[in-house]
Chemist: 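Attaching a single structure in structure tokens format; questions to follow.
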Amino acid sequence: MTKVLIFNGSPRRNGNTSTLIKECVRAIKDSGKEAEVFFLNDMNIKPCQFCDWCIDNNALSCVEEDDMHELYPKLLESDVIIFAAPIFWFTISAQMKLFMDRLYALHAKGGKFQLSPKKVGAILVYGDNNVETSGVNNAIGTMKDVIHYMKSEDMGIVHGTAYKIGDAEKNTELMKQAYDLGLKVSK
Ligand SMILES: Cc1cc2nc3c(=O)[nH]c(=O)nc-3n(C[C@H](O)[C@H](O)[C@H](O)COP(=O)(O)O)c2cc1C
């Protein structure tokens with residue numbers, strides 16, 4: 001069975017990111033597959049301290065005793081990873097950035113990144129009606145760099161406008177993109 005992990009970087013449990021994730025998961029389920037969703041905001045995830053304990057000990061884990069310990073084995077065993085986040089201050093939310101920084105621990109001694117190759121997608125949502133001024137292009141750049149660094153297959157970076165809770169449902173094009181991403185990663 002394909003192992004799909006989806007990481008939600010919004011602080012709002014019923015916000016637009018969650019709505020789009022649900023639509024993506026609906027497609028995954030329609031395809032007979034399953035996905036596991038993690039709401040990062042409620043997890044205890046400390047910032048990377050760059051102590052290099054992970055690399056020095058070839059640990060594929062971190063010296064910090066927090067909720068990343070639940071995620072590291074799941075990440076290593078996964079087939080598909082989807083990063084989903086709102087745009088805060090012209091890039092990914094802090095919740096998502098904290099989590100991504102901690103992926104540093106998945107480097108083996110010698111430097112080879114072990115979280116690869118995977119199928120990787122992203123869902124990004126922003127309040128601005130204008131793509132250029134929303135800051136989403138910064139986040140898209142980050143996601144593309146991450147996918148390249150992970151030597152992974154780019155499954156698509158879904159993005160669009162929704163501001164208030166409930167707005168994503170009204171953005172039918174965005175909802176369709178989220179559903180289509182779910183279909184694509186399930187193949
Ligand atoms: C602190 C903060 C910063 C934000 N910064 C931006 C921004 O730079 N560009 C933008 O288009 N929207 C910005 N927004 C709007 C959110 O991206 C938007 O409301 C999004 O739908 C929130 O997702 P959620 O409902 O999943 O929490 C910001 C919102 C907050 C609370």
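We count ligands from 1, going down the list as the structure has it; atoms in each ligand are counted the same way. Computation of the quantities below employed the complete heavy-atom set of this structure, encompassing side-chain atoms and omitting hydrogens, waters and symmetry-equivalent molecules. Since this is a predicted model, take the numbers as computed values, not measurements.
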Chemist: Are a donor atom and an acceptor atom from the side chains of Asn16 and Ser10 found within less than 3.5 Å of each other?
Modeler: no
Chemist: Could you find the nearest protein heavy atom to atom 2 (C) of ligand 1 and give me its residue, atom name and distance?
Modeler: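 Scanning the protein heavy atoms, the shortest distance from atom 2 (C) of ligand 1 goes to Phe88 CD1, 3.6 Å.
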Chemist: What do we get for Ser134 next to ligand 1 when only non-hydrogen atoms under 4.0 Å count, side chain, backbone, both or neither?
Modeler: both
Chemist: Looking only at protein heavy atoms, identify the closest one to atom 26 (O) of ligand 1 and say how far it is in Å.
Modeler: Thr17 OG1, 2.6 Å
Chemist: Would you say Ala162 touches ligand 1, if touching means a heavy atom closer than 4.0 Å?
Modeler: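 Distance cut 4.0 Å: Ala162 passes for ligand 1.
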Chemist: For the pair Asp180 and Lys184, find out whether any cationic side-chain nitrogen is under 4.0 Å from an anionic carboxylate oxygen.
Modeler: no
Chemist: Would you mind running through ligand 1 and noting each atom that sits below 4.0 Å from a heavy atom of Asn16?
Modeler: 21 (O), 24 (P), 25 (O), 26 (O)
Chemist: Under a 4.0 Å N-O cut-off, is there an ion pair linking Arg26 with Glu23?
Modeler: yes
Chemist: Hey, do the aromatic rings of Tyr126 and Tyr163 have their centres closer than 6.0 Å?
Modeler: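 Centroid distance Tyr126-Tyr163: not below 6.0 Å, so no.
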Chemist: Among all the protein's non-hydrogen atoms, which is closest to atom 6 (C) of ligand 1, and how far away is it?
Modeler: Ile87 O, 3.2 Å
Chemist: Below 30° counts as parallel, above 60° as perpendicular, anything between as tilted: where do the rings of His107 and Tyr104 land?
Modeler: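 Geometry flag for Tyr104 against His107: tilted rings.
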Chemist: Answer yes or no: is there an ion pair linking Glu36 with Lys74, defined by an N-O contact shorter than 4.0 Å?
Modeler: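 Yes.
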Chemist: Tell me, which protein residue and heavy-atom name are nearest atom 8 (O) of ligand 1, and how many Å apart are they?
Modeler: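 Scanning the protein heavy atoms, the shortest distance from atom 8 (O) of ligand 1 goes to Phe90 N, 2.8 Å.
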Chemist: Using heavy-atom distances only, which candidate in Asn14, Asp128, Thr133 approaches atom 11 (O) of ligand 1 most closely?
Modeler: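 Considering heavy atoms of Asn14, Asp128, Thr133, the nearest to atom 11 (O) of ligand 1 sits in Asp128.
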Chemist: Checking a contact table here: which protein heavy atom is nearest atom 22 (C) of ligand 1, and how many Å away?
Modeler: Pro86 CB, 3.6 Å
Chemist: Parallel, tilted or perpendicular, judged at 30° and 60°: which one describes the rings of Phe7 and Phe38?
Modeler: parallel
Chemist: Of all the non-hydrogen atoms in the protein, which one sits nearest to atom 19 (O) of ligand 1, and at what distance?
Modeler: Tyr163 O, 2.9 Å
